[in-house]
Amino acid sequence: AALETAQRWRDQWLRALAAHRGPAREALVVEMASHAAEERTKDAEVEEEKGREEVAIRRAKREACEADVVAARRVCEEAEKHEAEWRRRRDELRAALGSAHLAVLRSSAAADEAASEQAALRAWCSKTESVKLRVATATTSAVEVLRSEQYNARQVEEAYQAKQRQ
């Protein structure tokens with residue numbers, strides 16, 4: 001804005017000089033105005049070229065960013081697909097874990113039941129062995145008592161008669 005104001009003032013001054021001076025002065029003023037216009041044109045062309053370069057640079061950056069966005073979207077889609085696959089697999093494993101866990105619980109309950117039955121069987125076998133041992137001991141004692149006694153041929157008759165008296 002300041003540059004434009006200075007140029008306008010300069011143009012007006014040059015016109016004023018041209019109006020009050022002679023033709024030589026007028027040619028000089030026109031030449032100066034032409035030279036100033038050329039300078040402004042060159043400056044504008046330089047600015048335009050800088051602007052074009054900056055537009056090209058920004059366009060290239062924008063295109064690179066757009067390509068990055070497209071690539072990032074593809075990666076995001078792949079990640080979402082991968083995540084969905086893992087969630088599906090997780091759900092399958094949870095379902096399998098539920099049935100496997102139930103099977104483990106059943107197996108554990110069966111093992112506990114078998115262990116308690118085994119303990120009961122051992123206790124029963126121990127009692128049976130104890131009874132067998134007492135029977136064997138009693139048998140041995142009875143046999144020894146019988147061997148130590150004198151044989152009485154009338155023993156059965158005496159026992160029968162004692163029974164009838166009662």
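In this chain, residues are counted from 1 in sequence order. These numbers come from the heavy atoms of this one structure, side chains and all, not from hydrogens, waters or symmetry mates.
- Rounded to the nearest 0.5 Å, atoms CH2 (W86) and CG (D91) are 13.0 Å apart.
- The heavy-atom pair separating S148 from V145 by the smallest distance is OG-O, 2.7 Å.
- Counting only residues at least two apart or on different chains, the salt bridge (Lys or Arg N to Asp or Glu O under 4.0 Å) pairs with a member in residues 150-166 are R154-E157.
- Shown here are the side chain to side chain donor-acceptor pair (under 3.5 Å) partners of H35, two or more places apart in sequence or in another chain: there are none.
- Here S107 pairs with nothing under the side chain to side chain contact (heavy atoms under 4.5 Å, CB included) rule; sequence neighbours left out.
- With sequence neighbours excluded, no residue forms a side chain to side chain donor-acceptor pair (under 3.5 Å) with Q161.
- Contacts of R59 classified as side chain to side chain contact (heavy atoms under 4.5 Å, CB included), with partners at least two apart in sequence or in another chain: V55, R62, E63.
- Atom CD of E39 and atom OG of S34 lie 10.5 Å apart (nearest 0.5 Å).
- Scanning for salt bridge (Lys or Arg N to Asp or Glu O under 4.0 Å) contacts around R88 gives E85, E92, with sequence neighbours left out.
- Every pair tested for side chain to side chain donor-acceptor pair (under 3.5 Å) that includes a residue from residues 112-138 fails, sequence neighbours excluded, so the list is empty.
- Residues that satisfy the side chain to side chain contact (heavy atoms under 4.5 Å, CB included) test with A37, not counting sequence neighbours, are R40.
- Atom-to-atom distance recorded for T140:OG1 and E144:CD is 6.5 Å, nearest 0.5 angstrom.
- Not counting sequence neighbours, the partners of E48 by the side chain to side chain donor-acceptor pair (under 3.5 Å) test are R52.
- Taking the side chain to side chain contact (heavy atoms under 4.5 Å, CB included) definition, one finds that R87 meets it with E83, R90, sequence neighbours left out.
- Scored by the side chain to side chain donor-acceptor pair (under 3.5 Å) test, E54 finds R58 as partners (sequence neighbours excluded).
- Taking Ile, Leu, Val, Met, Phe, Trp and Tyr as members and joining any whose side-chain heavy atoms lie under 4.5 Å apart, directly or through other members, the hydrophobic cluster of V135 also contains V131.
- Checked by atom type and distance alone, the side chain of S108 never pairs as donor or acceptor with a backbone atom of V104 at under 3.5 Å.
- Here S99 contributes atom OG and H101 contributes atom NE2; the two are 11.0 Å apart, rounded to the nearest 0.5 Å.
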